[in-house]
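By convention in this document, chain letters (A, B, ...) are assigned in the order of the sequence lines, proteins followed by strands, and residues within each chain are numbered from 1.
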Amino acid sequence: MKSVRVRFAPSPTGYLHVGGLRTALYNYLFARKNNGKFVLRIEDTDRSRYVEGAVENLISALKWCGLDFDEGPQVGGNFGPYLQSQRLDMYQKYIQELIIRGDAYYCFCTQERLEELKKEQQKQKLPQAKYDKHCLLLSKSQIENNIANKIPFVVRLNVRPNQKIIFDDIIRSHVEFDSNNVDDQVLIKSDGYPTYHFANVVDDHLMEISHVIRGEEWLSSTPKHVLLYDSFGWDRPIFAHLPLLLNPDRSKLSKRQGDVAVEDYRTKGFLKEALVNFVALLGWNAGDDKEFYLMNELIENFSLERVNKSGAIFDIEKLNWLNAEHLRKKTNNEILTMLKKSIQQSEFTNQNYSDEFLLSIIGAMKERVSFIKEFITNCQYFYTAPMEYEQKSIEKNWSSETPNHLRKIRDAFINLSNPAKEDFELELTNVATELNIGKGKLIHPLRLSISGISTGPGVFDIVSILGKEEVVKRIDTALEKIK
RNA sequence: GGCGCGUUCGUCUAGUGGUCUAGGACGCCGCCCUCUCAAGGCGGAGAUCACGGGUUCGACCCCCGUACGCGCUACCA
């Protein structure tokens with residue numbers, strides 16, 4: 001069997017789209033699973049759409065996601081260059097072959113004539129607007145003359161009528177087109193650059209790509225590519241056209257309806273593990289109930305045969321859940337590193353917290369957060385004393401007796417030397433017994449006093465993390481502030 | 001309009017002719033645990049398997065048609 005070589009071939013229009021990420025990921029998984037090569041090729045044949053820095057962005061987004069490629073820009077390889085704009089001479093060479101063979105031809109039609117043609121065809125209600133092969137009739141000398149006179153031209157694919165174009169697709173199985181419905185696609189543009197359709201075929205062949213795994217939007221133009229392979233006498237790669245990623249309204253996933261760039265999710269605080277896991281499951285599953293995957297598990301289990309046919313809506317709720325799942329699977333030390341980074345970007349950037357302190361927060365909050373930043377936002381009281389107290393909790397838990405109760409707790413705490421969590425709890429239990437009231441009557445006001453809110457880890461966890469001095473101080477403050 | 005592809009709970013999906021009175025997950029609701037909030041456990045609501053015809057003893061699964069959705073229809077990818 002031919003060795004597996006796949007490619008991700010984005011055009012450098014700015015950023016890595018999550019749909020692009022999924023295409024890249026499936027290519028990557030397929031390559032790794034089959035001990036093949038994953039190559040990155042940049043499809044920059046449209047000079048008008050080129051965005052400065054886009055290639056670098058693409059590569060860094062790919063890398064962030066953990067998709068390292070074996071060949072491509074920056075890393076090189078034996079099949080380069082990997083930027084199509086640097087392969088122009090190769091396209092020239094191959095287009096000549098096609099022209100000589102009559103499978104492609106020069107076309108000197110002006111934009112105006114083309115537009116008129118289209119208008120006319122629409123007026124006649126022709127089933128489809130196609131180029132009319134007008135320039136196919138040009139004689140050799142006319143062509144030479146035009147070229148000599150520097151009349152702009154394109155080169156078109158010469159599609160022969162009344163042919164069935166049939167190809168197989170791993171995901172869609174058998175697909176059939178009638179050549180009468182295939183337009184004489186422009187292969188070389190008037191600026192000398194190839195179109196996607198031509199460059200893609202030449203490059204995939206030259207780069208010995210074994211499997212073309214790409215989005216469904218390419219399915220309709222695959223007959224053109226097949227015609228090209230056949231004309232050159234090249235082996236066709238195995239095709240696999242992936243279902244599209246959709247907006248909540250089922251249209252093709254786009255900006256406007258939320259974030260589409262991998263970078264957006266990164267800055268929002270999503271873990272790369274969660275994004276990759278989530279995107280992998282959009283259109284693929286192993287056939288069992290497993291939903292939590294690490295990259296190596298995806299590689300182990302992935303197969304193109306189990307990719308779905310229908311488009312999938314990008315549902316952020318499930319991504320959130322997966323993010324929490326992945327976060328909980330991380331070690332506290334891994335989280336510590338991320339938390340420190342997050343603190344640097346927060347209002348507490350100037351504070352100096354010990355690793356030990358932060359680690360104890362992580363231990364207390366790990367089950368209660370979905371995002372790293374929530375280790376700060378969901379429990380600000382660990383970083384700064386409460387400025388205000390949740391009104392609802394005051395109404396519910398604060399009575400005229402409460403100040404006296406709290407004073408007793410404070411006095412009990414203050415005498416403790418080097419107390420552990422259990423010591424605080426014991427003292428509070430004693431006070432409750434002495435007062436002949438339930439512990440809850442003490443716990444809730446205590447929680448409110450030291451945290452300002454009514455939710456969070458066990459109150460004794462908070463107390464021991466904050467420490468005796470700080471807790472006593474906060475109780476005093478609360479006694480003053482809460483009337 | 002033409003061509004192509006698709007259609008199972010709100011969403012992601014399992015399902016390859018009898019095991020489906022359709023399973024799981026997210027989300028939602030309830031209960032348990034409990035000092036709160038989570039996490040966890042248990043349970044619930046939620047899909048006439050787009051619709052209509054076939055084929056078959058039997059169809060979510062096979063065939064045909066219809067509807068709807070999406071994609072392509074560029075000298076963009």
Side-chain angles (χ1 to χ4, degrees), chain A residues 9-13 43-46 48-49 84 107 109 111 114 118 122 125-130 152-156 169 171-172 175-178 180-183 185-197 199-200 214-223 241 243-244 246 248-252 278 281-292 308-322 324-325 328 364-370 378-379 393 396-397 425 428 438-448 451 453-460 462:
Chain A
S11 60
T13 51
E43 312 248 334
D44 58 347
T45 55
D46 184 356
S48 65
R49 292 220 304 178
Q84 289 186 327
C107 171
C109 289
Q111 210 62 52
L114 260 21
K118 194 180 227 172
Q122 279 168 353
K125 290 233 184 335
L126 251 43
Q128 194 205 169
K130 273 170 48 178
F153 63 85
V154 300
V155 181
R156 288 182 181 274
D169 184 289
I171 296 164
R172 328 244 154 213
V175 188
E176 213 174 299
F177 287 82
D178 186 327
N180 295 328
N181 292 317
V182 179
D183 199 5
Q185 182 64 229
V186 169
L187 265 16
I188 299 288
K189 299 181 262 188
S190 56
D191 63 3
Y193 278 64
T195 58
Y196 169 84
H197 302 97
N200 141 272
R214 79 227 302 190
E216 193 190 346
E217 68 265 33
W218 296 113
L219 192 60
S220 299
S221 42
T222 303
H241 286 95
L244 261 19
L246 274 22
D249 71 355
R250 297 219 147 263
S251 57
K252 188 170 156 186
F278 174 66
L281 256 20
L282 251 28
W284 170 86
N285 76 86
D288 53 26
D289 288 341
K290 187 173 167 65
E291 302 224 61
F292 182 91
N308 291 161
K309 295 169 172 31
S310 51
I313 293 173
F314 192 96
D315 176 23
I316 196 84
E317 294 283 2
K318 196 151 188 173
L319 211 207
N320 288 337
W321 168 73
L322 267 176
E325 290 290 302
R328 280 179 212 118
M365 292 299 293
K366 205 172 178 179
E367 299 294 306
R368 280 164 249 267
V369 301
S370 297
N378 286 5
C379 49
S393 180
K396 193 174 169 197
N397 301 310
E425 182 158 14
L428 184 135
K439 282 163 67 174
K441 282 264 183 296
L442 265 23
I443 284 174
H444 293 296
L446 175 59
R447 171 187 294 283
L448 181 65
S451 78
I453 58 177
S454 60
T455 63
V459 78
F460 301 109
I462 301 178

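Within 4.0 Å of A/Phe278, counting heavy atoms only, lies no atom of the nucleic acid at all. Among the protein residues, A/Cys109 comes within range of the nucleic acid bases, having at least one heavy atom under 4.0 Å from a base atom. Looking at heavy-atom distances under 4.0 Å, A/Gly440 makes no contact with the nucleic acid at all. Within the nucleic acid shown, A/Asn308 comes within 4.0 Å of sugar-phosphate atoms alone, with no base atom in reach, counting heavy atoms only. Looking at heavy-atom distances under 4.0 Å, A/Pro457 makes contact with a base. Looking at heavy-atom distances under 4.0 Å, A/Thr222 makes no contact with the nucleic acid at all. Residue A/Lys118 is in sugar-phosphate contact alone, with no base atom involved, counting any heavy-atom pair closer than 4.0 Å across all strands shown. Within the nucleic acid shown, A/Gly283 comes within 4.0 Å of sugar-phosphate atoms alone, with no base atom in reach, counting heavy atoms only. Using a 4.0 Å heavy-atom criterion, one finds that A/Val186 contacts the sugar-phosphate atoms exclusively.
For B/A45 and B/C31, the C1' atoms lie 15 Å apart once the distance is rounded to whole Å. Rounded to a whole angstrom, the distance from the P atom of B/C37 to that of B/C51 is 43 Å. Across B/G40 and B/U48, the matching P atoms stand 30 Å from one another, rounded to whole Å. Distance check on atom C1': B/U8 versus B/C61 gives 11 Å, rounded to whole Å. Between B/G1 and B/C63, the two P atoms lie 26 Å apart (nearest whole Å). Atom name P, nucleotides B/G24 and B/C9: the rounded distance is 16 Å, in whole Å. Taking atom P in both B/U13 and B/G46, one finds a spacing of 23 Å when rounded to whole Å. The separation of B/C42 from B/U19, taken at their C1' atoms, amounts to 26 Å, rounded to a whole angstrom.
The side chain of A/Leu114 lies closest to B/C75 when the candidates are B/C76, B/U73, B/C75. Counting only heavy atoms from C-beta on, A/Tyr196 has its side chain closest to B/A77 among B/A77, B/C37, B/C26. Looking at the side chain of A/Ser220, the nearest of the listed nucleotides B/A77, B/C72, B/A74 is B/C72. Distances from the side chain of A/Ser190 to the nucleotides B/C75, B/G71, B/C26 place B/C75 closest. Closest to the A/Lys318 side chain, of the nucleotides B/C3, B/C35, B/C26, is B/C26. Set against B/G40, B/U11, B/A77, the side chain of A/Glu325 has B/G40 as its closest nucleotide. When the nucleotides B/A39, B/A77, B/G27 are ranked by their closest atom to the side chain of A/Arg328, B/A39 comes out on top. Which of B/C35, B/A74, B/C3 sits closest to the side chain of A/Phe460 comes down to B/C35. Nearest nucleotide to the side chain of A/Trp321, out of B/A25, B/A77, B/A38: B/A25. Distances from the side chain of A/Lys189 to the nucleotides B/U36, B/G4, B/C75 place B/C75 closest.
The two atoms that bring A/Ser370 and A/Asn320 nearest to each other are CB-O, 4.3 Å, heavy atoms only. Contact between A/Cys107 and A/Arg156 at its shortest, heavy atoms only, is SG-NE, 3.4 Å.
Using cut-offs of 30° and 60° on the angle between ring planes, the pair A/Trp218 and A/Tyr196 is parallel.
Here B/U11 presents its P atom at 6 Å from CD1 of A/Ile313, a figure rounded to the nearest Å. The nearest whole Å value for the distance from the CG atom in A/Asn397 to the P atom in B/C37 is 11 Å. For A/Leu246 and B/G10, the CG to C1' distance is 15 Å, given to the nearest whole Å. A straight line from CD of A/Gln128 to C1' of B/U73 spans 6 Å, rounded to a whole angstrom. A/Glu291 places its CD atom 7 Å from the P atom of B/C26, with the value rounded to the nearest Å. For the pair A/Leu187 CG and B/A77 P, the interatomic distance rounds to 12 Å; values are reported in whole Å. Between the CD1 atom of A/Ile443 and the C1' atom of B/U34 there is a distance of 10 Å, given to the nearest Å. In this structure, A/Asn320 places its CG atom 18 Å from P of B/U11, rounding to the nearest Å.
In this structure, B/U7 forms a base pair with B/A67, meeting either the Watson-Crick or the G-U wobble geometry with both donor-acceptor distances under 3.5 Å. Summarising the base pairing, B/G18 is matched to B/C57 through a Watson-Crick or G-U wobble pair whose two defining distances lie under 3.5 Å. Base pairing annotation: B/U48 forms no Watson-Crick or G-U wobble pair, as no partner gives both donor-acceptor distances under 3.5 Å. When both distances must be under 3.5 Å, the Watson-Crick or G-U wobble mate of B/G1 is B/U73. Pair check for B/C31 finds B/G41; Watson-Crick or G-U wobble, both atom distances under 3.5 Å.
When the side-chain nitrogen and oxygen atoms of A/Ser48 are compared with OP1 and OP2 of B/C76, none of them lie within a distance under 4.0 Å. Within the structure, every side-chain polar atom (N or O) of A/Asn285 is placed at least 4.0 Å from both OP1 and OP2 of B/U13.
Checking side-chain atoms of A/Asp183 against main-chain N and O of A/Gln185 turns up no donor-acceptor pair under 3.5 Å. Here the side chain of A/Thr195 pairs a donor or acceptor atom with the backbone of A/Val186 at under 3.5 angstrom. Remark: the backbone N or O of A/Glu425 is not paired with any side-chain donor or acceptor of A/Lys439 at under 3.5 angstrom.
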Give each protein N/O atom lying under 3.5 Å from an N/O atom of nucleotides 5-8 of chain B, with the pair distance.
| from | atom 1 | to | atom 2 | distance (Å) |
| --- | --- | --- | --- | --- |
| B/C5 | O2' | A/Arg172 | NH1 | 2.6 |
| B/C5 | O2' | A/Glu216 | OE2 | 2.9 |

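For the pairing with A/His241, the side chain to side chain donor-acceptor pair (under 3.5 Å) check across A/Arg214, A/Glu217, A/Arg172 returns one residue only, A/Arg214.
Atom NZ of A/Lys441 has 12 or fewer heavy atoms from other residues, nucleotides or ligands within 6.0 Å. Around atom NZ of A/Lys396, no more than 12 heavy atoms belonging to other residues, nucleotides or ligands sit under 6.0 Å away.
From A/Thr455, atom OG1 reaches atom CZ of A/Arg447 across 7.5 Å, with rounding to the nearest 0.5 Å.
Applying the side-chain hydrogen bond (donor to acceptor under 3.5 Å, both in side chains) test to pairs two or more places apart or on separate chains, those with a residue in residues 308-319 of chain A are A/Glu291-A/Lys318.
Mapping A/Asp44 and A/Asp249 onto RNA chain B by nearest heavy atom places A/Asp249 at the nucleotide closer to the 5' end. Position along RNA chain B of the nearest nucleotide to A/Thr455 versus A/Ala312 favours A/Ala312 as the more 5'-ward residue.
With sequence neighbours excluded, no residue forms a side-chain hydrogen bond (donor to acceptor under 3.5 Å, both in side chains) with A/Lys130.
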